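Computed from a prediction, not measured in an experiment: that's the story for all the values here.
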Amino acid sequence: MKIAIVLNYNNYRQSIECVDNLVKIGMERVVLVDNMSTNNSFKILKQNYLNSKKIFVGQTEINAGYASGNNFGFDVAKRLYGLSKDNIFYVVNPDSFPDKNAVNAIYEFIQKNPNAGAVTTKINDTVKSAWHHLTPLSGFMFNSWVLKWILLKLGIREGGIYKGDKEIVPVDIVMGGFFGIRQTTLTEIGYFDDHTFLYYEEEILFVKLKRINKQNYLLTNYNFDHIGRGSTELPKLKFKEINDTSRLYTLSNYYSVSRGYKMFYRLVNHIDNFLLKMLNRA
């Protein structure tokens, strides 16, 4: 069964467009999770799909972030539809719009390849939906606001990109905006790590999948449209603080960086935050 998990936060209009598209292209079930929005999203979504047999609308008790909200959706799907190796979960952000070919290709690929972890397609006809995994060195380099700015000006982005010159590309990280994964595989690794709020969930997912010998893939003959942030616009400093915290959590718990590394990492954060405030860039 094809089951989509869609996480809404203050973005009911785009969530409705996303869910309607998923049903249109053949998604068999959709679990639409309102992540404790501060507007009337839950009420509107609940009413909109009141008579739908394919769409379940639920709400978390608190907004604990992307990982926690999706984990809530995974549990709901398990309760409603059971646990089966034939169930493929699709994690779909409200601003992501795959077509029928992309959804079917992911389903068929996972069913034919027992070693498949998370599988995605191209995004907006580019291969930016997949990248290389984090390392302590890259984590340190991109932790510095100044050094990161210089690297980006040089065209070097964190994680880099894959060439995408083959139809099927084994990759490290797949973008959390749209991917498919076998339900039993996700259950085996304990879902997302919910200690992050908004960033590096995909990085941790890669590590957890690698531990059970699963490989992530990018299917370059297929594509999904990504419109952009619908509900996650944050002030620059707040974005940076959440990003820094999630990166350090990932490095500490999955890449075993030293105490000295963490101390210097935090020092760089404090200096960067001070500079951003002084330059009115916060």
Side-chain angles (χ1 to χ4, degrees), residues 2-50 52 54-77 80 88-100 102-103 106 118-126 128-129 174-181 186 191-192 194 196-202 205 222-234 238-239 242-243 246:
K2 303 184 186 79
I3 306 169
I5 311 298
V6 178
L7 187 62
N8 173 81
Y9 180 71
N10 289 346
N11 191 21
Y12 63 87
R13 290 187 180 88
Q14 197 170 57
S15 292
I16 290 172
E17 292 177 5
C18 173
V19 170
D20 288 352
N21 175 66
L22 292 172
V23 173
K24 179 181 177 182
I25 63 175
M27 194 66 64
E28 295 172 86
R29 296 291 186 272
V30 178
V31 175
L32 176 53
V33 178
D34 180 67
N35 210 9
M36 191 48 78
S37 296
T38 57
N39 59 13
N40 291 325
S41 280
F42 179 62
K43 181 179 179 180
I44 294 170
L45 294 172
K46 193 77 173 176
Q47 183 63 37
N48 194 74
Y49 296 112
L50 188 62
S52 175
K54 290 186 175 182
I55 303 161
F56 176 87
V57 181
Q59 186 180 48
T60 59
E61 294 183 355
I62 60 171
N63 177 12
Y66 170 93
S68 180
N70 276 293
N71 287 349
F72 176 89
F74 301 149
D75 278 333
V76 169
L80 292 175
I88 305 301
F89 282 175
Y90 294 81
V91 176
V92 189
N93 280 0
D95 55 3
S96 296
F97 293 83
D99 60 21
K100 184 175 183 177
V103 168
I106 288 174
V119 182
T120 192
T121 68
K122 294 171 74 173
I123 175 175
N124 298 337
D125 293 316
T126 75
K128 292 182 179 179
S129 54
V174 300
M175 181 181 179
F178 171 65
F179 68 86
I181 188 169
L186 197 57
Y191 300 167
F192 284 117
D194 59 11
T196 57
F197 185 80
L198 195 58
Y199 305 104
Y200 289 88
E201 295 89 352
E202 308 104 323
L205 185 67
Y222 305 93
N223 180 71
F224 73 96
D225 293 329
H226 183 247
I227 296 175
R229 296 175 183 173
S231 60
T232 56
E233 291 290 354
L234 294 170
K238 184 65 176 176
F239 158 82
I242 295 174
N243 191 276
S246 293

Using a 4.5 Å cut-off on heavy atoms from C-beta on, say whether the side chain of Phe192 contacts that of Tyr66. yes

Show your reasoning for whether side-chain hydrogen bond (donor to acceptor under 3.5 Å, both in side chains) applies to Asn93 and Ser96. CA-CA 5 Å; Asn93 280 0; Ser96 296; 5.2 Å; no

Could you tell me which non-hydrogen atom of Gly176 sits nearest to which non-hydrogen atom of Val91, and how far apart they are? O-CG1, 3.6 Å

Evaluation steps, side chain to side chain contact (heavy atoms under 4.5 Å, CB included), between Val31 and Phe74: CA-CA 8 Å; Val31 175; Phe74 301 149; over 6 Å; no

Derivation and outcome, ring pair (Phe, Tyr, Trp, His ring centres under 6.0 Å), residues Tyr12 and Phe42: CA-CA 8 Å; Tyr12 63 87; Phe42 179 62; over 10 Å; no

Give a yes or no answer on whether the side chain of Asp99 reaches the backbone of Ala102 with a donor-acceptor pair at less than 3.5 Å. yes

Spell out, as yes or no, whether a donor-acceptor pair under 3.5 Å connects the side chain of Asn124 to the backbone of His226. yes

With the side chain counted from C-beta on, respond yes when Pro94 and Val6 share a heavy-atom pair under 4.5 Å apart, and no when they do not. yes

Report yes or no: does Glu201 contribute a side-chain atom to a donor-acceptor pair with the main-chain N or O of Tyr199 at less than 3.5 Å? yes

Quick one: side-chain contact (heavy atoms from CB on, under 4.5 Å) partners of Lys2, sequence neighbours excluded? Met27, Glu28, Tyr90, Val103, Asn104, Tyr107

We want to know whether Tyr49 and Asp20 form a side-chain donor-acceptor pair, criterion being a heavy-atom distance below 3.5 angstrom. yes

With respect to Leu32, which candidate in Val19, Ile16, Leu22 satisfies the side-chain contact (heavy atoms from CB on, under 4.5 Å) definition? Val19

What heavy-atom pair brings Ser37 and Asn8 nearest, and what distance separates the two atoms? OG-ND2, 3.3 Å

Does Leu198 offer a backbone N or O that forms a donor-acceptor pair with the side chain of Thr196 under 3.5 Å? no

Given the rule in the side chain to side chain contact (heavy atoms under 4.5 Å, CB included) test, do Phe178 and Ser129 qualify, once you have shown the distances and angles that lead to the verdict? CA-CA 9 Å; Phe178 171 65; Ser129 54; over 6 Å; no

Report the distance from atom CZ of Phe89 to atom CD1 of Ile3, rounding to the nearest 0.5 Å. 5.0 Å

What pairs meet the side-chain hydrogen bond (donor to acceptor under 3.5 Å, both in side chains) rule with one or both residues in residues 68-77, with sequence neighbours excluded? Asp75-Tyr191

Stepwise side chain to side chain contact (heavy atoms under 4.5 Å, CB included) test for Val119 and Ile181: CA-CA 6 Å; Val119 182; Ile181 188 169; over 6 Å; no

Can you find a heavy atom in the side chain of Phe97 that is under 4.5 Å from one in the side chain of Glu17? yes

Side chains of Asn39 and Ser41 only: does a donor on one sit below 3.5 Å from an acceptor on the other? yes

Supply the atom-to-atom distance Ile62 CD1 to Met36 CE, rounded to the nearest 0.5 angstrom. 8.5 Å

Which is it for Tyr222 and Ile106 under the side chain to side chain contact (heavy atoms under 4.5 Å, CB included) test, yes or no, and what are the steps along the way? CA-CA 9 Å; Tyr222 305 93; Ile106 288 174; over 6 Å; no

Nearest 0.5 Å, please: how far is CG in Asn40 from CG in Leu45? 10.5 Å

Sub-3.5 Å donor-acceptor pair from the side chain of Thr120 to the main-chain atoms of Phe179, do we have one? no

Any Met175 side-chain heavy atom under 4.5 Å of Ile123 side chain: yes

Step through the shown structure and confirm whether more than 12 heavy atoms of other residues, nucleotides or ligands are within 6.0 Å of NZ on Lys46. yes

From OH (Tyr9) to CG (Asn35), nearest 0.5 Å: 8.5 Å

Who are the side-chain contact (heavy atoms from CB on, under 4.5 Å) partners of Phe72, not counting sequence neighbours? Val33, Thr60, Val76

To the nearest 0.5 Å, what is the distance between OG1 on Thr121 and CG on Asn223? 5.5 Å

Could you tell me which non-hydrogen atom of Gln59 sits nearest to which non-hydrogen atom of Asp34, and how far apart they are? NE2-OD2, 2.8 Å

Distance from Tyr200 atom OH to Leu205 atom CG, nearest 0.5 Å? 15.5 Å

